[in-house]
Structure formats: structure tokens, C-alpha cells
Asker: 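Structure in C-alpha cells, see below.
Side chains are part of it too, since the values below use all heavy atoms of this structure and drop only hydrogens, waters and symmetry mates. None of these values were measured; they are calculated from a predicted model.
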Amino acid sequence: MDFIYEYTGDGLRLQGTYFESIKKDICVVFIHGMYANVIENYFAVVWGRKLAGCNIGFLYGHTRGYSNTNAIVDKNGVSVTIGTTFEIFEDCLLDVDMWIRKAYKLGYKHIVLAGHSFGCCKILYYYYIKRPDVAGIILASPPDMQGLTRMYEADYDLLLEETEKNVKEGMPQKLTGKLVENYMPFSSATFYNLYKPGSNADNFPVIRNPEHFGQLETVDIPILAFAGENEESPYLQLDLLKKKAIRCPDFRWRIIDNTNHIYYGKEDETAEVCLDWLRIFGT
């Protein structure tokens, strides 16, 4: 595993971890979820080792939203505080784009874009907006962002009112008056950006289940989706996602027995699920 870095289009230096394949045919570019980083996503390290051992590159790209808060240095040497607490969803376009470009710079011919949890929202939005040259998509535990938060946050609507007010009054960095779901800190700008009606991050609306999943309907490349059996019910509705992915030529999904949101105890099994699916690309 090598540690590498690259600069985003707006000049932020983001670090990644790279598991090199001797063959340069396929690289999986992986985007993490909320508050995550490679040290806490142990399953991703297992995936990287196993895929690289089977001649598939694996690039774990940190986004500007890695960890709770972070200090990212820009091209001018200035430290910028972001992290999940302060990120704006649409900026993920710059981060995902950078890691795809990095994978091509490393010499790979084909890219498979993978996301875990909130990372699934990011890669789906990226595909919807950018229509990138990627071969396939892996959705590991795709979340219904607004549905899940409404399930567990009794003050959802009050938080929307509070954060909208703070943003309008020029206080976007002000933290919400309480931790969301009793454990998640958000700035007002970030909470309102993610959870307002019509948010671009609301792209797996399983609980609300509208007629159209606008972003998912545009995907016209193969998709693999899976989740852990012990996750909350909205994560398990992968058959619904298959129905909504009306342009996808090959949508495969699986529920992994007896594991949770980070695939504890099933790190190797989930890696094998990915490997089996990647064989459709001739690996």
C-alpha cells in the first residue's frame, strides 16, 4: 500500500492510499462515506490487498469530507478546515474527478467507480453530472440520506429551519444547536445543503420511494450493489434500486449474511463479491 496525493481543481491537496496492480487494465477508484478515512475503513484495506493480488488496482481516495474535521493544505500552503462537518456536497465533483484522473495517470486503461455509504451518493451524483468514462459502478450500502436521518432525528424540521436561518444571516459555519442523531456535528451550511428539499445528495430516496429516481435512471453501465444483513431496512432495498435503474444493462445485488455497515467479519467475503463481479470486465 502506497500513500499518494493529488490536487483538486480548486487547489486542495488530498491524500489517498494506492494498492498497485502489476497489470494496468482495471483500477477500482473508491470513495468513502461520512466521517470516514482509510484507517477506520479496514474493509477497504482488505479489498485493496485482495484486488491488487488479482491484478486489479485499488485507489482509496480521500475526499475533502474525510473524518469529522480535517486540515487540508492548498497549493499556496494555506490550511483549510473542512471534513464532513463543513463540506458542501456538490464539491465532491472536484474530488471524484481528481481521483479518476489520478488512476488514469497511474496507467490504468479502465476505471470502476466504487462508493461506500455516503460515497455512493457522491459517485452517483458524479456520474449523473459528468458522464465519465468509467466501466462500472459498485454501490456498497447505498443510503437513503434524508429517509434515514428522518427516522432517527426527531428535530429534523427544526434543524432545517435553524440552519436555513443561519445561512441566510451569514453564519454558514455555525454548528447546529444539537448533534444530529445525537452523534453527528454539522455546520449550518452543510446540514442545509444535505437535507433540504431537493438536495442533490437525496439520490437514493428508498423510504419516500418516488416514481422516478432521477440520478439512478441515467446510469447505463453495469452496477454491483450490496449491503450487510444487519443494516437498517432502507439499506437492504437493493431490489428496488434495481427496478429504478431502468437504463442499467446489468444490475447485480446481494445481501451479505450476518454483518453490519462496515462488513465486520466479512471483509474477505465482500472483497470476493467485488472480484466475482469484476470478472464481467474480463479480469
Asker: Is a side-chain N or O of S199 found less than 3.5 angstrom from the main chain of A201, in a donor-acceptor match?
Answerer: yes
Asker: Are L179 and M184 close enough that some pair of their side-chain heavy atoms sits under 4.5 Å apart?
Answerer: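 No; the side chains remain at least 4.5 Å from each other.
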Asker: Salt bridge check, D202 against R208: does any charged N sit closer than 4.0 Å to a carboxylate O?
Answerer: yes
Asker: Nearest 0.5 Å, what's the OG-CG distance between S21 and L59?
Answerer: 13.0 Å
Asker: Who passes side chain to side chain donor-acceptor pair (under 3.5 Å) against N68, sequence neighbours left out?
Answerer: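 Counting only residues at least two positions away or on another chain, N68 forms a side chain to side chain donor-acceptor pair (under 3.5 Å) with T85.
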Asker: So does K165 pair up with E161, basic N to acidic O under 4.0 Å?
Answerer: no
Asker: Would you find more than 12 non-hydrogen atoms of other residues, nucleotides or ligands less than 6.0 Å from Y104 atom OH?
Answerer: yes
Asker: I'd like to know if the side chain of N70 and the backbone of Y66 have a donor-acceptor N/O pair within less than 3.5 Å.
Answerer: yes
Asker: Taking S67 for the side chain and Y35 for the main chain, is one N or O donor matched with an acceptor at less than 3.5 Å?
Answerer: no
Asker: Would you call R101 and E6 a salt bridge, taking side-chain N to carboxylate O under 4.0 Å as the test?
Answerer: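 So R101 does not pair with E6 through a salt bridge.
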Asker: Looking at K102 and I4, would you say the former's side chain and the latter's main chain have a donor-acceptor pair under 3.5 Å?
Answerer: no
Asker: Would you call D155 and K178 a salt bridge, using N to O less than 4.0 angstrom?
Answerer: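 Result for this pair is yes, salt bridge flagged.
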Asker: Could you tell me the separation between the CD1 atom of I129 and the CG atom of N200, rounded to the nearest 0.5 Å?
Answerer: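 The distance works out to 6.5 Å.
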Asker: Tell me, do P143 and C121 make a side-chain contact under 4.5 Å, heavy atoms counted?
Answerer: yes
Asker: Between the side chain of T149 and the main-chain N/O of Q146, is any donor-acceptor distance below 3.5 Å?
Answerer: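 Not at all, since once roles are kept as given, no pair shorter than 3.5 Å links the two residues.
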Asker: Are any non-hydrogen side-chain atoms of R49 and V46 less than 4.5 angstrom apart?
Answerer: no
Asker: Tell me, with the steps shown, if T259 and E229 meet side chain to side chain donor-acceptor pair (under 3.5 Å).
Answerer: CA-CA 6 Å; T259 193; E229 180 185 30; over 6 Å; no
Asker: Aromatic ring centroids of F30 and H32 under 6.0 Å?
Answerer: no
Asker: On the six-membered ring of Y108, is K24 placed so that its NZ or CZ lies under 6.0 angstrom from the centre and within 45° of the ring axis?
Answerer: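 Pair K24/Y108 counts as cation-pi.
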Asker: So how far is it from L238 CG to L139 CG, rounded to the nearest 0.5 Å?
Answerer: 8.5 Å
Asker: Sequence neighbours excluded, which residues qualify as side chain to side chain donor-acceptor pair (under 3.5 Å) partners of E217?
Answerer: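 Listed in chain order: H212.
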Asker: Taking the ring of F43 and the ring of Y264, is the distance between their centroids below 6.0 Å?
Answerer: no
Asker: I want to check something: taking the side chain as every heavy atom from C-beta on, are F86 and P172 in contact at a cut-off of under 4.5 Å?
Answerer: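 Heavy-atom side-chain distance check fails, nothing below 4.5 Å.
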Asker: Please report the closest heavy-atom contact between Y192 and T163, naming both atoms and the distance.
Answerer: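 Of all heavy-atom pairs spanning Y192 and T163, the closest is CB-OG1, 3.7 Å.
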Asker: Are R64 and D95 close enough for a salt bridge, meaning some N to O gap below 4.0 Å?
Answerer: yes
Asker: Please name the pair of heavy atoms, one in G214 and one in Y128, separated by the smallest distance, quoted to 0.1 Å.
Answerer: O-CE1, 4.1 Å
Asker: Tell me if a side-chain donor or acceptor on E153 pairs with a main-chain N or O of E181 at a distance below 3.5 Å.
Answerer: yes
Asker: What is the minimum heavy-atom distance between F226 and C274, and which atoms define it?
Answerer: CE2-SG, 3.9 Å
Asker: Under the rule for ring-ring contact (aromatic ring centres under 6.0 Å, His included), what residues qualify as partners of Y235, not counting sequence neighbours?
Answerer: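 Applying ring-ring contact (aromatic ring centres under 6.0 Å, His included) to Y235 gives H261.
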Asker: Under 6.0 Å from the six-membered ring centre of Y7 and within 45° of its axis: does the NZ or CZ of K75 meet both?
Answerer: yes
Asker: State, yes or no, whether a side-chain contact exists between L106 and E20 at a heavy-atom distance under 4.5 Å.
Answerer: no
Asker: Hey, what do you get for CD (Q237) to CG (D239), rounding to the nearest 0.5 Å?
Answerer: 6.0 Å
Asker: Would you sort out whether H116 and Y263 count as a ring pair (Phe, Tyr, Trp, His ring centres under 6.0 Å), showing the intermediate values?
Answerer: CA-CA 11 Å; H116 174 246; Y263 318 124; 5.6 Å; yes
Asker: State, yes or no, whether a side-chain contact exists between L113 and I138 at a heavy-atom distance under 4.5 Å.
Answerer: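 SC-SC contact between L113 and I138 ruled out.
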Asker: Check the pair Y125 / N203 against side chain to side chain donor-acceptor pair (under 3.5 Å), numbers first and verdict last.
Answerer: CA-CA 8 Å; Y125 179 63; N203 47 14; over 6 Å; no
Asker: Using 0.5 Å steps for rounding, measure from the NZ atom of K130 to the CD1 atom of I123.
Answerer: 16.0 Å
Asker: Below 6.0 angstrom between ring centroids: does that apply to F89 and F118?
Answerer: yes
Asker: Check whether T84 reaches the backbone of G65 with its side chain - one donor and one acceptor, N or O, closer than 3.5 Å.
Answerer: yes
Asker: Can we say K122 and E87 salt-bridge, meaning some charged N sits less than 4.0 Å from an Asp/Glu carboxylate O?
Answerer: yes
Asker: Checking Y195 against D157 for the side chain to side chain donor-acceptor pair (under 3.5 Å) test, could you report, in this order, the C-alpha distance in whole Å, the side-chain angles of both residues, the deciding distance, and whether it holds?
Answerer: CA-CA 10 Å; Y195 297 110; D157 292 325; over 6 Å; no
Asker: Centres of the Y18 and F58 rings: under 6.0 Å?
Answerer: no
Asker: Between I256 and T270, is there a side-chain heavy-atom distance shorter than 4.5 Å?
Answerer: yes
Asker: Would you say the side-chain atoms of W99 pair up with the backbone N or O of G16, donor to acceptor, closer than 3.5 Å?
Answerer: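 No; zero donor-acceptor contacts below 3.5 Å.
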Asker: Which distance, rounded to the nearest 0.5 Å, do you find between the CD of E40 and the CG of N37?
Answerer: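 Interatomic distance, E40 CD to N37 CG, rounded to 0.5 Å: 4.0 Å.
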Asker: I would like to know whether D220 and R131 meet salt bridge (charged side-chain N to carboxylate O under 4.0 Å, His left out); could you show each step before the answer?
Answerer: CA-CA 10 Å; D220 54 5; R131 306 295 294 177; 2.9 Å; yes
Asker: Checking Y126 now: which residues fulfil ring-ring contact (aromatic ring centres under 6.0 Å, His included) with it, not counting sequence neighbours?
Answerer: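 Counting only residues at least two positions away or on another chain, Y126 forms no ring-ring contact (aromatic ring centres under 6.0 Å, His included).
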Asker: Sort and list the pairs that fulfil side chain to side chain donor-acceptor pair (under 3.5 Å) and have at least one residue in residues 249-258, not counting sequence neighbours.
Answerer: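 Residue pairs with at least one partner in residues 249-258: D250-R252, R254-E269.
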Asker: Go through the structure and list residues passing side chain to side chain contact (heavy atoms under 4.5 Å, CB included) with A271, not counting sequence neighbours.
Answerer: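 Result, side chain to side chain contact (heavy atoms under 4.5 Å, CB included) vs A271: W47, K50.
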Asker: Got M34 and M145 here, is their nearest side-chain heavy-atom distance under 4.5 Å?
Answerer: yes
Asker: Using only heavy-atom distances, determine whether the side chains of S141 and E231 contain a donor-acceptor pair under 3.5 Å.
Answerer: yes
Asker: I'd like to know whether E90 forms a side chain to side chain donor-acceptor pair (under 3.5 Å) with N193, so could you lay out the CA-CA distance, the side-chain angles of the two residues, the decisive distance to 0.1 Å, and finally the verdict.
Answerer: CA-CA 9 Å; E90 289 74 13; N193 171 254; 2.9 Å; yes
